[in-house]
Amino acid sequence: MAEFTQNSTADKTTPLSVANVPQLKHKLSAGLIVGLIFGAALISIFYATSSYKTQTEHVVELADGRSKQFEVVFTELKQARFRAMGIGADTLLQSRVTMDPFIKRDRSALAAKIDPFFAFLKEKHAVNQINFWIPPSTMFYRAGAPELGQFDGSKFRPAIVAANARQERIMAVETGQGGIIGIRGIVPVLFEDKFYGVVEFVSDFFIPLNGASVESHFKWATSITKERFAQVERARNEKEDAEKGEDIYINYSDPETRDTIKAIDFDPRSKEHKIVDNDGKKIYVKAFPIYNFTGKPTITIAMVDDLTDQFNEAFKSAAIKGGILFVLLAAALVAGYSKLDHLRTGFLGSIGAERRLLKERLAHGEAAIEKLKDLETLKRRYFSNLMAAINRPLLAVSGQISGIKQALEAGGVSNVADIDHRVNFSIQEIDSLRHLVADYEQIELFRQSLVSADAKLLSIPNVLEDTLKGLDLARRLPNLQVNISIPEGLPSTYGDKSLLVEALSRLIAHSTHAAGSGQLNISLRLTGDDILVLDFSGSAYAGALAPTAALLDEARQFMAELSTGFISDGKREKLIGIILAKVVIEHFGGSLDASPSDAPGFVARFPAAA
């Protein structure tokens with residue numbers, strides 16, 4: 001009985017132990033498979049996230065490139081409107097018949113003369129207003145608005161006050177009464193050396209904005225500061241106005257942009273873009289300032305674009321790639337697990353392949369971004385390269401003609417004097433053309449640096465000190481006596497130091513290097529209307545190179561170079577430097593004029609910082 005019991009127990013124990021072994025192995029296999037799938041999911045999520053980030057960063061980079069395009073196109077169109085308004089005013093001033101009623105203060109006669117002319121300009125050339133102002137800031141007559149009486153605009157039109165006080169032209173973007181922003185060309189009315197007031201041509205500020213919008217595919221909104229808002233006496237419109245910090249947006253490219261600006265939060269004074277989530281949309285917004293004639297940023301332009309579709313496409317693409325990767329990776333891991341001998345090799349190989357794929361895709365994305373940057377640079381340098389391409393063959397032709405001249409002189413030909421005269425004349429003409437091409441190549445290169453210039457607080461005495469150090473007149477021109485008169489405690493102004501140093505260097509070098517001797521007097525003073533006046537005068541500026549109004553007018557200078565030129569010794573490369581100096585000073589709210597002929601020199605004016 002005992003033996004039977006012992007055998008029975010042994011028989012029962014052995015099959016029980018054998019049955020438990022395959023059950024334990026099955027549980028471990030399921031857990032490992034779940035772990036492998038979970039690992040594949042994590043890798044796929046990481047890859048999808050990385051892909052989404054790369055694609056969205058590329059979308060934002062493209063938007064940033066278009067925002068720069070918007071600024072460049074807007075600036076160029078704004079400058080074109082400045083020139084058009086100035087030309088219009090100058091043309092009107094040539095008609096004594098039209099201007100005589102203004103000089104005699106006869107509103108009825110002025111209306112009869114100017115209203116038909118204004119109607120034509122408004123229809124054909126988008127001139128919104130022609131205004132006649134008498135000192136100090138009284139609106140005498142607005143073309144096409146005989147019902148509008150005379151009124152004082154000093155509270156909301158500081159540019160008019162300044163133009164009447166200085167008796168000089170001002171080209172500025174300024175907000176008028178009621179918050180209307182205009183591109184304004186203000187030109188003094190002078191007859192027989194007597195000042196009668198100013199005439200103002202006004203162009204719609206939306207023209208360059210819409211042009212830039214078409215080129216860059218950005219929507220836009222414009223603001224004015226709260227201070228300017230109060231000065232122009234604009235009534236608050238809660239439906240339209242959007243307050244952002246110290247700025248209030250009042251104009252929009254369309255109602256949708258208005259609603260977007262009112263809904264989102266951003267800093268108009270920031271130099272960086274912002275991606276804002278608004279009602280499920282991804283909104284790109286970036287703003288840049290517009291400076292008034294005194295150099296203060298009173299207007300901002302916000303560039304707005306909806307990147308929702310691009311972001312959604314990036315998400316969709318990343319999700320599809322991540323899903324495909326998960327399926328492939330999970331299948332590969334599970335298949336690899338079925339072959340235990342190849343598990344380690346297969347797993348590490350999959351990870352390595354995915355890493356290489358990620359690196360390749362990131363490299364492609366970075367290469368695409370670099371190509372976009374190169375395209376923008378190529379676009380801006382196109383004009384410069386074109387000028388350089390024209391300049392080289394002209395130089396070669398000039399050298400060939402010079403060689404012919406030398407060969408004929410060595411040959412002893414009887415009519416060598418006549419041939420010599422003709423060859424010299426040809427060389428002179430070709431050199432003139434070459435100088436013109438080089439000049440306008442210099443203008444394009446300069447424009448590129450001016451577009452990216454920032455207006456910062458700086459000291460005119462410090463700028464002048466750096467200028468004189470760079471010129472080193474004591475060594476280069478020992479016979480030139482330099483006299484400097486600068487009082488202490490003068491206020492700062494706004495500008496870019498490097499550009500202003502170059503501008504002042506051109507003004508000093510214009511005549512002094514040619515004269516080589518005499519006196520150069522430099523003085524700086526502050527006027528009662530907070531204008532810093534920098535004078536360059538002295539005997540070094542006397543003679544044939546004495547500064548004139550024609551020298552500061554690029555159109556007249558260009559025509560003179562096409563004919564005889566201002567300088568008989570062929571040193572025309574200096575002339576374009578004066579135009580560039582004038583552009584720099586005016587870009588930061590100042591002005592440059594030639595001094596009277598009895599005391600030749602230059603007078604540069606800069607608005608003092610508040």
Side-chain angles (χ1 to χ4, degrees), residues 64 67-68 70-72 74-76 78-79 82 158-159 162 170-174 223-228 244-247 266-274 286-303 380 445-471 486-508 522 524-527 529-534 577 580-592 604-610:
D64 261 335
S67 72
K68 293 176 183 177
F70 185 103
E71 290 188 46
V72 170
F74 169 81
T75 301
E76 291 177 346
K78 181 189 70 174
Q79 294 302 117
F82 274 149
I170 291 178
M171 301 291 156
V173 174
E174 189 171 71
S223 76
I224 58 177
T225 61
K226 291 181 180 178
E227 178 185 5
R228 194 73 182 120
K244 307 294 176 183
E246 293 301 313
D247 296 277
F266 68 99
D267 180 10
R269 299 294 167 170
S270 173
K271 294 183 179 180
E272 303 296 329
H273 71 266
K274 187 174 183 181
K286 185 178 181 182
F288 64 96
I290 301 297
Y291 297 89
N292 65 9
F293 76 101
T294 64
K296 291 183 178 181
T298 57
I299 298 170
T300 66
I301 298 174
M303 300 168 288
R380 295 189 180 185
L445 293 173
F446 168 79
R447 183 189 68 80
Q448 295 172 15
S449 63
L450 189 64
V451 167
S452 59
D454 291 329
K456 299 179 180 178
L457 278 176
L458 52 81
S459 168
I460 293 297
N462 290 343
V463 173
L464 188 58
E465 181 180 358
D466 289 352
T467 302
L468 294 175
K469 285 182 180 178
L471 292 174
I486 300 178
E488 298 288 340
L490 291 176
S492 301
T493 187
Y494 289 96
D496 183 284
K497 189 173 183 178
S498 61
L499 289 177
L500 286 177
V501 166
E502 292 181 9
L504 298 187
S505 297
R506 292 185 177 104
L507 299 183
I508 294 175
I522 303 174
L524 180 64
R525 67 183 189 278
L526 179 67
T527 64
D529 51 354
D530 293 331
I531 298 297
L532 291 165
V533 179
L534 181 60
L580 297 182
K582 183 172 182 287
V583 171
V584 170
I585 293 172
E586 291 180 348
H587 181 74
F588 297 111
S591 64
L592 178 65
R605 296 179 177 86
F606 304 89

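Model, not experiment: these values are computed from the prediction. Heavy atoms only: backbone and side chains are in, while hydrogens, waters and symmetry mates are out.
- With sequence neighbours left out, the side-chain contact (heavy atoms from CB on, under 4.5 Å) criterion links Ala503 to Ala581, Val584.
- Qualifying side chain to side chain donor-acceptor pair (under 3.5 Å) partners for Ser270, counting only residues two or more places apart in sequence or in other chains: none.
- The distance from atom NZ of Lys497 to atom CD1 of Ile460, rounded to the nearest 0.5 Å, is 10.5 Å.
- Ile290 places a side-chain heavy atom less than 4.5 Å from the side chain of Phe74.
- Between atom CD1 of residue Ile522 and atom CG of residue Leu507 there is a gap of 10.0 Å, rounded to the nearest 0.5 Å.
- Annotation for Lys456: atom NZ does not count as buried by contact number, only 12 or fewer foreign heavy atoms lying within 6.0 Å.
- A pairwise comparison of heavy atoms in Asp64 and Ser67 identifies O-OG, 2.6 Å as the closest pair.
- Legend: residues meeting ring-ring contact (aromatic ring centres under 6.0 Å, His included) with Phe82, ordered by chain and number and at least two apart, are absent.
- With sequence neighbours excluded, the residues satisfying side-chain contact (heavy atoms from CB on, under 4.5 Å) with Tyr494 are Ala455, Leu457, Ala609.
- Note that the CZ atom of Arg506 and the CG atom of Leu592 stand 12.0 Å from one another [nearest 0.5 Å].
- Residue Leu504 holds its CG atom at 9.5 Å from CG of Leu471, rounded to the nearest 0.5 Å.
- Between Thr294 and Asp530 there is no side-chain heavy-atom pair separated by less than 4.5 Å.
- With sequence neighbours excluded, the residues forming a side-chain contact (heavy atoms from CB on, under 4.5 Å) with Arg269 are Thr225, Asp247, Asp267, Pro289, Pro297, Thr300, listed by chain and number.
- Using a distance-only test at 3.5 Å, with no hydrogens or angles considered, a donor-acceptor pair links the side chain of Thr493 to the main chain of Pro607.
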Walk me through it: do Phe606 and Val463 pass the test side chain to side chain contact (heavy atoms under 4.5 Å, CB included)? CA-CA 13 Å; Phe606 304 89; Val463 173; over 6 Å; no
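- A donor-acceptor distance shorter than 3.5 angstrom exists from the side chain of Glu174 to the backbone of Ala159, with no hydrogens or angles considered.
- In this structure, Ile531 CD1 and Ser591 OG are separated by 7.5 Å, a value rounded to the nearest 0.5 Å.
- A donor-acceptor pair is defined here as one N or O able to donate and one able to accept, closer than 3.5 Å; such a pair exists between the side chain of Lys226 and the backbone of Gly245.
- Interatomic distance, CD of Glu272 versus NZ of Lys286, reported as 6.5 Å (0.5 Å rounding).
- Between Asp496 and Phe588, the shortest heavy-atom contact is N-CZ, 3.4 Å.
- The nearest pair of heavy atoms linking Ile585 to Arg605 is CG2-O, 3.9 Å.
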Start with the C-alpha distance between Glu71 and Met303, add both sets of side-chain angles, then the distance that settles side chain to side chain contact (heavy atoms under 4.5 Å, CB included), and finish with yes or no. CA-CA 9 Å; Glu71 290 188 46; Met303 300 168 288; 4.1 Å; yes
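- Listed here is the closest heavy atom pair of Ser505 and Thr467: OG-CG2, 3.3 Å.
- Pairing each heavy atom of Pro491 with each of Leu532, the nearest pair is O-CD1, 3.6 Å.
- When all heavy atoms of Pro487 and Leu524 are compared, the closest pair comes out as CD-O, 3.1 Å.
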Hey, mind stepping through Tyr291 and His587 against side chain to side chain contact (heavy atoms under 4.5 Å, CB included) and telling me if it holds? CA-CA 9 Å; Tyr291 297 89; His587 181 74; over 6 Å; no
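- Residues forming a side-chain contact (heavy atoms from CB on, under 4.5 Å) with Thr298 (at least two apart in sequence, or on another chain): Asn292, Lys296.
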